[in-house]
Amino acid sequence: MGHWRRAFCLSDKVTHAYSLEHQIVRLPYKAYNGKVDVAWKTEESIMLEEVAVNNQPSTDTEETMPCFQTPGPTVTFHNLRYRVKERLGMFSRQWVDKDILKDVSGIMNPGMNAIMGPTGSGKTSGDTAKVETGLVLWLGLRSREQGCSTLVLEIDFPAEFSSNPDQTHLNQEHLIITDRLLDVIAGRKDPKGLKSGQVLVDNTIVTSELRLCSAYVVQSDILMGTLTVRENLAFSANLRLSRKEYSSADKEMRVDSVIQELGLKDCADTKIGTMFLRGVSGGEKKRCSIGMELITSPSLLFLDEPTTGLDANTANSIMELLQKLSKKGKTIIFSIHQPRYSIFSQFDHLTLINKGEIIYAGAANKAITYFEDLGYKCEPFNNPADFFLDVTNGTILPQKHNNKSEKCSSSEEMVENENPLAVIYRKSPYFLKVKDQLSQISDGLDPEVTKGDRVGYATPFCYQLMLVSGRTVRNILRNPQTSYAQLFLNIFFGILVGLIYYQIPHTLPEALQNRTGAFFFLVINMVFGNLSAVELFISERVLFIHETSSGFYRTSAYFLSKVFADLIPNRILPVFIFSAIPYFMMGLKPDVEAFFLYCVTMSMVSLAAVSLAFLVSATVGSFAMANILIALPYVVMMVFGGFLVNLNSMLSGMSWLKWASIFRYGYNALAIIELKDQVFTSNYTRMTGDMYLDNQEIDYSTWGFWQNQVALTGIMCVCLILAYVQLRRINRWK
């Protein structure tokens with residue numbers, strides 16, 4: 001099929017060109033869904049652009065230290081061994097320990113510190129070549145059917161993909177080992193898994209509370225989509241900058257400074273965007289995520305794969321921004337997956353990990369020389385990141401052309417060890433130098449004196465509650481679909497109930513049958529109408545975990561703000577609208593006190609039901625599981641509500657469930673309000689509402705009515721307390 005032209009790391013895209021004649025096909029490489037869009041264009045003449053590849057900068061330059069304005073902290077980690085438990089099988093009760101990090105040690109100085117490593121399995125390394133070959137064959141047949149003899153293919157790869165098609169990964173598997181090293185250093189991993197070792201910042205022992213005083217940018221951009229860039233940054237500044245040290249004007253100046261520094265001035269007043277709202281671009285969103293952490297002017301910044309999901313140009317601009325920050329005295333540590341050369345050339349320090357062990361740690365521009373000394377050959381135009389992954393995956397084997405490589409490959413320790421590159425590194429001058437430096441630091445370390453101080457929140461509880469509540473209300477006002485739907489459904493069902501039970505007469509049997517049926521239908525609507533509350537904590541679960549882990553606010557402030565902001569606009573106000581419509585349409589008691597008690601009862605039923613939904617929402621993390629868990633207790637409560645089944649005739653072993661039924665308390669209270677002191681007739685038959693209540697064993701005394709309200713209040717309080725407990729128990733460790 002002819003000539004193949006490639007552009008290595010010198011442009012924003014990797015172009016594969018196949019020449020046949022008079023046909024151009026451009027293929028955007030979409031790795032997220034595995035599809036390829038084909039756009040056919042016919043031209044009379046084609047000029048294939050020649051790509052110059054002979055001016056690629058060399059990676060073997062001498063190490064140069066960046067010029068810092070102020071020295072940043074030095075992070076050291078000593079003999080880190082992190083272990084997790086894994087189940088032997090799906091139905092097995094046996095657990096085994098698996099070492100993720102195996103006695104890892106290193107030093108990271110101010111500058112750009114990159115952590116790289118393979119995905120682990122490498123099972124998709126050949127998929128791209130197969131897909132590409134099939135596409136070319138299919139396009140060749142199509143072009144010949146159309147009478148064309150030239151076919152030019154351009155395939156655009158995102159920044160995180162390799163420039164070598166034989167090594168491109170179609171799926172975005174996370175770098176398990178590199179991410180866990182980053183998370184352990186940053187204090188984001190569960191400390192229970194750290195079996196040995198310690199992390200020091202400027203010779204000070206730190207614990208997991210390092211996450212409260214450092215900055216950590218997660219892989220996925222976690223921002224409030226209904227707020228603008230400026231509002232998100234202001235939210236971070238107001239919560240994370242102390243009111244004693246920074247005035248409101250100082251915080252505004254800090255926000256403006258970050259916007260200017262990150263190049264967000266043009267989109268400062270643009271909303272981030274949601275699935276219903278168009279917002280900023282991916283690069284602007286990533287810069288805003290970084291800005292949320294830069295508000296506190298941290299000297300230590302961690303980033304989890306900052307180029308994921310970005311195109312090549314945007315990824316390069318993000319890394320250039322990080323390099324500028326590193327030159328201002330910041331220690332920047334990040335994990336990254338197969339960066340292009342223009343990004344790799346900005347690294348000051350490189351740590352390569354394979355199978356939980358370090359195989360190289362040193363200057364990034366000396367890494368190729370290190371592996372070439374071991375016998376590995378890097379092709380002239382190969383991307384260094386691809387070359388390192390080829391070495392770790394075993395795709396490239398060492399060439400035995402010198403004594404050093406022959407000695408390493410024939411060593412007994414090399415043959416027996418499953419990670420020979422780690423063995424070689426532990427014998428190298430790079431590791432010996434690091435080991436000596438760490439020994440000097442450990443010898444002069446006094447744990448009692450240098451233990452890191454306990455870090456608290458920058459703002460008080462009431463101030464946090466005010467700010468988080470304000471953001472929640474603003475989010476509801478700018479994304480009112482749920483509130484509108486809740487209001488519309490309440491109005492619709494209110495009118496429906498009023499039409500079904502329109503002007504209930506006082507003649508038997510319609511008087512009692514229709515009234516009791518209407519009461520039960522009203523309670524059912526109040527309970528099941530609050531199913532939407534299960535999304536309260538699930539929809540913002542990731543945002544909550546990130547912000548509480550980063551020290552934005554207390555869990556209690558978030559919980560109370562969400563509860564109050566959701567209850568008033570979505571649960572209480574719609575209830576009064578719903579209650580008023582059917583009450584007068586059905587012709588119930590025309591009494592002010594009766595109507596007031598009716599509204600109170602309906603509100604308490606709604607609050608008790610929504611509190612149970614809050615509990616389920618705080619317990620599980622998926623909508624599917626939440627819907628299953630909330631439907632089960634609602635149905636059980638409905639059965640024991642006293643309308644479908646006579647509770648006095650039930651088995652004694654099951655009748656106790658009536659005491660936990662929201663339906664029972666709501667139904668009894670409404671029956672007391674309407675039926676007490678009422679008289680119903682049928683020809684010569686006369687029956688009072690009190691007689692019916694006595695027959696149903698419903699206590700219609702003053703305390704008999706209010707005990708239903710107390711029970712509903714108790715259910716609400718218990719569910720809210722348990723919901724708060726569950727919210728605190730959410731696993732915040734990565």
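Remember, predicted model here, so these are calculated numbers, not experimental data. Numbers here simply count residues along the sequence, with the first being 1.
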- Message: If I compare all heavy atoms of Leu438 with all of Phe77, which pair ends up nearest, and what's the gap?
- Response: CD1-O, 3.9 Å
- Basic-acidic side-chain contact under 4.0 Å: Arg240, Glu293: yes
- Please confirm whether Arg188 makes a cation-pi placement over Tyr216, using NZ or CZ under 6.0 Å from the six-membered ring centre and within 45° of the ring normal. yes
- Show your reasoning for whether side-chain contact (heavy atoms from CB on, under 4.5 Å) applies to Glu284 and Leu264. CA-CA 7 Å; Glu284 292 168 339; Leu264 295 171; 4.3 Å; yes
- Message: Tell me whether the rings of Tyr360 and Tyr430 are parallel (<30°), tilted (30 to 60°) or perpendicular (>60°).
- Response: perpendicular
- Task: Would you check if the side chain of Ser317 reaches a backbone N or O of Thr314 as a donor-acceptor pair within less than 3.5 Å?
- Result: yes
- Query: Does the side chain of Glu372 reach to within under 4.5 Å of the side chain of Cys378, using non-hydrogen atoms?
  - Reply: yes
- Item | Nearest heavy-atom neighbours spanning Lys251 and Asn238 | CD-OD1, 3.3 Å
- Hey, are the side chains of Lys377 and Ile396 touching, using non-hydrogen atoms and a 4.5 Å cut-off? no
- Ser257 and Gln260: side-chain donor and acceptor closer than 3.5 Å? no
- Query: What's the shortest heavy-atom distance between Ala312 and Arg340, and which atoms?
  - Reply: CB-NH1, 3.6 Å
- Item | Test salt bridge (Lys or Arg N to Asp or Glu O under 4.0 Å) applied to Lys285 and Asp221, step by step | CA-CA 7 Å; Lys285 189 180 296 184; Asp221 301 317; 5.8 Å; no
- Message: Tell me if a side-chain donor or acceptor on Thr548 pairs with a main-chain N or O of Ile545 at a distance below 3.5 Å.
- Response: yes
- Message: What verdict does the salt bridge (Lys or Arg N to Asp or Glu O under 4.0 Å) test give for Lys271 and Glu231, after you've listed the backbone C-alpha separation in whole Å, the side-chain angles of each residue and the deciding distance to 0.1 Å?
- Response: CA-CA 9 Å; Lys271 295 181 177 63; Glu231 288 171 342; over 6 Å; no
- Task: State whether Asp99 and Arg83 are salt-bridged, where the test is any N-O pair (Lys NZ or Arg NE/NH1/NH2 against Asp/Glu carboxylate O) under 4.0 Å.
- Result: yes
- Message: Does this structure show an ion pair linking Glu261 with Lys324, if we count only N-O contacts that are shorter than 4.0 Å?
- Response: no
- Task: Working to the nearest 0.5 Å, report the span between CD1 of Ile359 and OG of Ser428.
- Result: 11.0 Å
- Distance-only donor-acceptor check, side chains Asn316 and Ser342, under 3.5 Å: yes
- Measure the CZ-CD1 distance between Phe334 and Ile115 for me, rounded to the nearest 0.5 Å. 9.0 Å
- With under 30° as parallel and over 60° as perpendicular, where do the rings of Phe388 and Phe371 fit, or are they tilted in between? tilted
- Item | Minimum heavy-atom distance Met116-Gln338, with the two atoms named | CE-N, 4.4 Å
- Message: Quick one: does any side-chain atom of Thr392 pair with a main-chain N or O of Leu389 as donor and acceptor, under 3.5 Å?
- Response: yes
- Taking Asp348 for its side chain and Met112 for its backbone only, find out whether a donor-acceptor pair lies under 3.5 Å. yes
- Item | Distance in Å, Ile318 CD1 paired with Asn313 CG, rounded so as to fall on 0.5 Å steps | 10.5 Å
- Task: State whether the side chain of Thr395 and the backbone N or O of Val391 hold a donor-acceptor pair below 3.5 Å, judged by distance alone.
- Result: no
- Item | Check: Thr74 main-chain N/O paired with Asp202 side-chain donor or acceptor under 3.5 Å | yes
- Expected output: side-chain Tyr82 to main-chain Asp190 donor-acceptor under 3.5 Å: yes
- Are any of the side-chain nitrogens in Arg230 or Asp256 under 4.0 Å away from the carboxylate oxygens of its partner? yes
- Between Glu305 and Thr308: side-chain donor-acceptor atoms closer than 3.5 Å: yes
- Task: Please name the pair of heavy atoms, one in Ser196 and one in Asp103, separated by the smallest distance, quoted to 0.1 Å.
- Result: OG-OD1, 4.3 Å
- Checking Ser236 side chain against Met292 main chain: does a donor-acceptor pair fall under 3.5 Å? yes
- Item | Atom of Ala315, atom of Leu310 and distance for their closest heavy-atom approach | N-CB, 4.1 Å
- Message: Between Thr331 (side chain only) and Leu300 (backbone N and O only), is there a donor and an acceptor less than 3.5 Å apart?
- Response: no
- Message: Can you confirm whether more than 12 heavy atoms, excluding those of Asp250, are under 6.0 Å from its CG atom?
- Response: yes
- Message: I'd like to know if the side chain of Asn113 and the backbone of Leu350 have a donor-acceptor N/O pair within less than 3.5 Å.
- Response: no
